[in-house]
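Before any comments, here is the structure.
Numbers restart at 1 for each chain; the letters A, B, ... are given by sequence-line order, proteins then strands.
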2 protein chains.
Amino acid sequence: MTPTDTDPQFHRSRSEGYLVNHMARLFARAIQDGIKPLGLSTGTFPVMLALWEKEGRTQRELVAELGVEQATMANTLARMERDGLITRRAHDRDARVQTVWLTEQARQLQAPAIQAAQEVNIAATRGMSAAERATLMSLITRAIDNLSES
Amino acid sequence: MTPTDTDPQFHRSRSEGYLVNHMARLFARAIQDGIKPLGLSTGTFPVMLALWEKEGRTQRELVAELGVEQATMANTLARMERDGLITRRAHDRDARVQTVWLTEQARQLQAPAIQAAQEVNIAATRGMSAAERATLMSLITRAIDNLSES
DNA sequence: CAAATATATATAGCAAGCTATTTAAAAATG
DNA sequence: CATTTTTAAATAGCTTGCTATATATATTTG
């Protein structure tokens, strides 16, 4: 096979990139089904998780923690504010910064939202042993680390 | 722990759904970097793979093969036609149907695009043995199958 | 064969991601 | 201290995904 030949073995079903994309779309659809009744979505859910853990974070901190671009976070927070999930307060000493707080209504969603997410995780790993599930998470984490470096 | 308590163990970094979403975004960024110079993108690349394998498919066939919604495929094909990657021809016997064909220019992209995708797969699996890589793909495939059923 | 149903595709409208650019405030520096 | 640089957030504009609906053509059926 010369360098310019196309690998005859290459196929979607054997490419990590394709499989990952496909799996992610299926996860997103399933999670959406579970949390939409709560007024949440795949974009807002990770922000909620971060805020349930600790409120009063800045946009900058959320960007660093969740690994999305700043513009993506700015838009997501704007939708969350519009939909009554968060409020923002001015920072004491830095007028550029706002801190992000959950509304009381949003705080109530923690338990049902996490339950919905766990149900999807269970459905996705049906038939896998605990060890296989741990292996899957470990290998995914390693892929994330690899791709985060480059 | 009562049924309404929140699982104190639940965290993004231990949730398949979150990890999968994060990994998929990193893959998408990396692949985009590699194929954007070729005029391709994460949305068009899977369609190209299907058409490099066999041209003349219908939109309906592409939808079934790639597992995206019909509306998503309609929009993707419209962009691909606009960008000179595909042309569409009327079906002989059914006026509702069009068949999809690659432009000559698009046919030339197969080798470099596949190479770019493979480089990302290699980067993502750096440090993994062949067996680990096979395990990862197998577990992902099982998750896809699980989520496709429900 | 006319009416009803099914199928193939397109369109509208939204969310969530991205890059690139803008705006405003803070911090650093000549 | 005035200017430059840096930082925080917003905005513009695009793609890719979704659901829901519309449109046009086949197909089925009373």
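The end-to-end axis angle of the helix from C/dC1-D/dG30 to C/dG30-D/dC1, rounded to 10 degrees and based on five pairs per end, is 10°.
Applying the salt bridge (Lys or Arg N to Asp or Glu O under 4.0 Å) test to B/Glu16 and every residue at least two apart in sequence or in another chain returns A/Arg133. Under the salt bridge (Lys or Arg N to Asp or Glu O under 4.0 Å) criterion, A/Arg96 pairs with A/Asp94, sequence neighbours left out.
Of the residues B/Ile86, B/Leu66, B/Leu85, the one that meets the side chain to side chain contact (heavy atoms under 4.5 Å, CB included) test with B/Val47 is B/Leu66.
There is no side-chain donor-acceptor pair under 3.5 Å between B/Arg79 and B/Asn75. Judged purely by distance below 3.5 Å, without hydrogens or angles, the side chains of A/Ser41 and A/Thr44 pair a donor atom with an acceptor atom. In this structure, a donor-acceptor pair under 3.5 Å is absent between the side chains of A/Thr125 and B/Asn146.
For the pair A/His91 NE2 and D/dA9 C1', the interatomic distance rounds to 14 Å; values are reported in whole Å. Computed from coordinates, the A/Met80 CE to C/dG17 P distance equals 12 Å when rounded to whole Å. A straight line from CZ of A/Phe45 to P of C/dA16 spans 13 Å, rounded to a whole angstrom. As rounded to whole Å, 13 Å separates atom P of C/dG17 from atom CG of A/Leu62. Going from atom CZ of A/Arg57 over to atom P of D/dA9 covers 14 Å, rounded to whole Å. The separation between A/Asp83 atom CG and C/dA15 atom P is 7 Å, rounded to whole Å.
Heavy-atom contacts from other residues, nucleotides or ligands closer than 6.0 Å to CZ of A/Arg29 number more than 12.
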Protein-proximity profile, nucleotides 1-14 of chain C, B/S/- by nucleotide at the 4.0 Å heavy-atom cutoff, equals ------BSBBB---
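Proximity of a side-chain donor or acceptor of B/Thr72 to a complementary backbone N or O of B/Val68 within less than 3.5 Å is not detected. A/Arg89 places no side-chain N or O within donor-acceptor distance of the main-chain N or O of A/Trp101, the cut-off being under 3.5 Å.
Using a 4.5 Å heavy-atom threshold, the side chains of A/Val20 and B/Leu26 count as separate.
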With side chain to side chain contact (heavy atoms under 4.5 Å, CB included) as the criterion, how do A/Thr42 and B/Asn21 come out once you've worked through the C-alpha distance, each side chain's angles and the decisive distance to 0.1 Å?
CA-CA 9 Å; A/Thr42 54; B/Asn21 173 267; 5.7 Å; no
Chi angles and distances behind the side chain to side chain contact (heavy atoms under 4.5 Å, CB included) call for B/Gln59, B/Arg88
CA-CA 10 Å; B/Gln59 181 183 120; B/Arg88 287 188 268 196; 4.2 Å; yes
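In this pair, A/Phe45 and B/Phe10 present their aromatic rings tilted. The plane angle is within the 30 to 60° band.
A heavy atom closer than 4.0 Å to some atom of DNA chain D occurs in no member of residues 116-125 of chain A. Within residues 19-43 of chain A, the residues approaching DNA chain D are A/Arg25, A/Arg29, by heavy-atom distance under 4.0 Å.
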